[in-house]
Amino acid sequence: MTDDTRDLRDLDHVATCGLVTRRNFLAGMGSFVAVMACAGTGIAVFKGGNPDAAYAIPGAAAGPLPGLPRGGVDVADRSLIVVELGGGNDSLSTIVPLSGRYRDLRPTTAIEDPRLLDDEIGLHPALGTIAQMYDAGEVAIVEGLGMAKADLSHFVSMRRWWDGAPESDNTGWLGRYLDASVGYERVLAGISIGPGPSPAMLGRASYVVGISDASGLGSGIPWWVDDPRDFLGIWSGFVPADVPVSELDPVHKAIAATASAQRQLADGLTPLQQTLERIEVDAYSLEGQLALAAALVASDIRPQVVYVHGNVDFDTHEDQVARHAELMAQLDRGISHARDILAAAGAAERTVIMTTSEFGRRAADNEGGTDHGTAASHFVLGPSVAGGRYGESPDLRRLDPDGNLVHTVDYRSLYASILAGWLGASPDELLRARYETLDLFRT
């Protein structure tokens with residue numbers, strides 16, 4: 001539930017749910033949040049809608065409520081896990097240049113013992129699993145990603161990464177993919193793990209399920225309910241079972257979608273919980289989120305896209321050496337768990353993991369940390385990836401007037417490469433412009 005939704009609570013007395021008032025429930029139907037299941041279940045179903053509706057939540061997608069997308073994208077038997085390194089990950093401490101210039105620029109934060117990949121770069125020493133995968137040809141490093149006229153505001157820059165389009169219309173690049181591939185008919189095709197849904201997943205004609213963390217899969221059914229199935233039946237009872245979801249009005253569709261998502265997650269709950277308990281991860285950590293993402297993909301739920309975000313902060317203005325080392329360790333342990341979970345389920349070949357972040361850090365350090373920067377490098381991981389280095393590493397001797405790296409690859413080229421090479425979609429249509437594509441996948 002968004003802060004805007006919470007602000008509407010005083011407009012009406014709280015309904016039976018205790019979390020959603022009648023008025024904000026109905027207002028949400030026509031805007032950003034479709035419906036949140038009662039009593040803190042940890043699951044919410046979101047969709048775009050009409051901001052002109054009464055009490056519409058600011059920031060909702062413009063335009064009338066759409067019908068089903070008109071097609072054009074076949075649903076691939078593949079999954080994508082996106083890991084957002086929010087706050088601005090320092091890629092120069094993640095993928096480490098071996099040049100003397102790097103050490104000149106980083107007298108207090110330089111990584112002295114990277115895991116060597118070739119004679120030009122190495123990985124942070126905490127990234128042992130990723131280094132092993134790179135040696136096995138299962139990691140692509142896309143270097144020099146950035147944008148023209150970069151803005152060093154977290155929100156402005158991340159908004160552009162979420163949109164993936166020349167101009168924002170409050171839809172995300174993955175939301176538009178879900179619109180064109182699955183529409184409203186597969187409520188669990190897009191799952192966002194973190195504090196609320198990622199705007200990158202917001203479309204006009206598809207749902208996104210939000211899960212707070214691994215513990216959020218617990219039922220959270222009110223104490224007075226003897227049988228959880230009865231409770232879900234109450235929600236489902238608002239909608240005739242024999243009417244196709246595509247023909248229902250937005251309120252009914254939202255109720256049906258939430259009940260359907262809760263039932264499907266409940267059916268897959270036990271094996272997922274057993275998987276996560278076995279590896280003993282912190283549900284609120286990046287490590288736990290990645291393990292959950294892999295467990296979802298490996299289960300019968302099989303979402304098309306899982307977006308992991310929001311529980312860790314990569315904004316390392318100070319104490320960077322220690323803080324970033326722990327962040328890298330969390331990322332590496334999460335990738336290790338994900339790799340093992342997917343391999344055990346026979347799902348590794350049909351799953352790709354990629355990283356994003358709103359920007360990199362400044363080339364020079366600030367006596368213990370680094371400030372907001374521009375260009376950065378990112379990972380694409382999995383057995384189906386054609387491993388190696390892509391793009392062009394920014395020249396540390398040719399910085400911009402503000403001392404920032406000059407990007408060499410438009411960040412949307414990474415998206416275009418994922419859409420075309422992995423998800424089988426047209427990047428020109430979904431990104432609303434043409435960008436270079438990179439051959440990141442094995443043929």
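Side chains are part of it too, since the values below use all heavy atoms of this structure and drop only hydrogens, waters and symmetry mates. Starting from 1, each residue takes its place in the sequence as its number.
Residues Val209 and Ile211 are in side-chain contact: their nearest non-hydrogen atoms beyond the backbone lie under 4.5 Å apart. Counting heavy atoms from C-beta outward, Asp77 and Arg350 have side chains that approach closer than 4.5 Å. Inter-residue side-chain proximity for Ile353 and Val380 is flagged as unmet; no heavy-atom pair is nearer than 4.5 Å. With a 4.5 Å cut-off on side-chain heavy atoms, Val352 and Leu381 do not count as touching. Within the 4.5 Å cutoff, side-chain heavy atoms of Asp371 are placed close to those of His317. Two residues are said to be in side-chain contact when any heavy atoms from C-beta on lie closer than 4.5 Å; Val385 and Glu138 fail this criterion. For the pair Ile191 and Val208, the minimum side-chain heavy-atom distance is 4.5 Å or more.
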- Task: Just do the side-chain contact (heavy atoms from CB on, under 4.5 Å) check on Tyr307 and Ile193 with the steps written out, would you?
- Result: CA-CA 6 Å; Tyr307 201 101; Ile193 302 175; over 6 Å; no
- Task: Using the side-chain contact (heavy atoms from CB on, under 4.5 Å) rule, take Ser79 and Gln304 through it: C-alpha gap first, then chi angles, then the decisive distance, then the call.
- Result: CA-CA 5 Å; Ser79 294; Gln304 295 291 117; 5.7 Å; no
- Val83 and Gln289: side-chain contact (heavy atoms from CB on, under 4.5 Å), yes or no, with the steps? CA-CA 9 Å; Val83 187; Gln289 288 182 326; over 6 Å; no
- Message: Between Asp332 and Thr129, is the side chain to side chain donor-acceptor pair (under 3.5 Å) condition met? List the steps.
- Response: CA-CA 6 Å; Asp332 197 71; Thr129 297; 3.1 Å; yes
- Message: Working note: Ile418 + Leu80, criterion side-chain contact (heavy atoms from CB on, under 4.5 Å); need CA distance, chi angles, decisive distance, verdict.
- Response: CA-CA 9 Å; Ile418 294 290; Leu80 173 67; 3.8 Å; yes
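Between the side chains of Thr370 and Gln320, at least one donor N or O lies within less than 3.5 Å of an accepting N or O. Side chains of Asp163 and Ser168: a donor on one and an acceptor on the other come within 3.5 Å. Side-chain contact check for Ser426 and Asp428: no donor-acceptor pair (N or O, by modelled atom type) lies under 3.5 Å. Of the N and O atoms on the side chains of Thr94 and Asn89, at least one donor lies less than 3.5 Å from an acceptor on the other residue.
Rounded to the nearest 0.5 Å, atoms CD (Glu358) and CZ (Arg160) are 13.0 Å apart. Taking OG of Ser413 as the start and CG of Leu440 as the end, the distance is 10.0 Å to the nearest 0.5 Å. With rounding to the nearest 0.5 angstrom, the CD1 atom of Ile341 is 11.0 Å from the OG atom of Ser299. Rounded to the nearest 0.5 angstrom, Leu127 CG and Ser336 OG are separated by 12.0 Å. With rounding to the nearest 0.5 Å, the separation of OG in Ser181 from CG in Leu174 is 10.0 Å. Atom OG of residue Ser192 and atom NE2 of residue His309 lie 3.5 Å apart, to the nearest 0.5 angstrom.
Summarising the geometry of Leu430 relative to Ala180, their closest heavy-atom pair is CD2-CB, 4.3 Å, with the distance given to 0.1 Å. Annotation for Leu123 and Val96: closest pair C-CG2, 4.3 Å, computed over non-hydrogen atoms. Contact record, Ser417 with Leu438: OG-N, 2.7 Å, taken as the closest heavy-atom pair. In terms of heavy-atom proximity, Ala375 sits nearest to Ser91 at O-OG, 4.4 Å. What you find for Ser285 and Gly288 is that their closest heavy atoms are OG-N, 2.9 Å. The shortest heavy-atom contact between His378 and Thr356 is CE1-C, 3.3 Å.
Taking a 6.0 Å sphere around CG of Asp439, one finds it holds 12 or fewer heavy atoms contributed by other residues, nucleotides or ligands.
A donor-acceptor pair under 3.5 Å is absent between the side-chain atoms of Ser206 and the main chain of Gly183, judged by distance alone. Side-chain atoms of Glu84 do not come within 3.5 Å of backbone N or O of Ser357 as any donor-acceptor pair. Under a 3.5 Å cut-off, the side chain of Tyr435 and the backbone N or O of Pro427 do not form any donor-acceptor pair. With Thr355 contributing its side chain and Phe379 its backbone, the two residues share a donor-acceptor pair below 3.5 Å. Within the 3.5 Å criterion, the main-chain N or O of Val409 finds no donor-acceptor partner in the side chain of His407. Within the 3.5 Å criterion, the main-chain N or O of Leu202 finds no donor-acceptor partner in the side chain of Arg176.
The ring of Phe359 has its center closer than 6.0 angstrom to the ring center of His154.
Note on ring orientation: taking the six-membered ring where Trp is involved, the planes of His324 and Phe314 are perpendicular (angle over 60°, cut-offs 30° and 60°).
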Residues 141-148, side-chain donor-acceptor partners within the protein, below 3.5 Å, at least two apart:
from, atom 1, to, atom 2, distance (Å)
Glu143, OE1, Arg389, NH2, 3.3
Glu143, OE2, Arg389, NE, 2.8
Glu143, OE2, Arg389, NH2, 3.3

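Note that Arg412 lies outside the cation-pi zone of Trp173, set by a 6.0 Å cut-off to the ring centre and a 45° limit from the axis.
Under a 4.0 Å N-O distance rule, the pair Asp90/Arg323 does not qualify as a salt bridge. With respect to Glu167 and Arg159, no salt bridge is recorded, no charged nitrogen being found less than 4.0 Å from a carboxylate O. With respect to Asp315 and Arg361, a salt bridge is recorded, a charged nitrogen being found less than 4.0 Å from a carboxylate O.
Applying the salt bridge (charged side-chain N to carboxylate O under 4.0 Å, His left out) test to Glu349 and every residue at least two apart in sequence or in another chain returns nothing. Under the side-chain contact (heavy atoms from CB on, under 4.5 Å) criterion, Asn404 pairs with Leu152, Arg362, Thr374, Asp400, Asp402, sequence neighbours left out.
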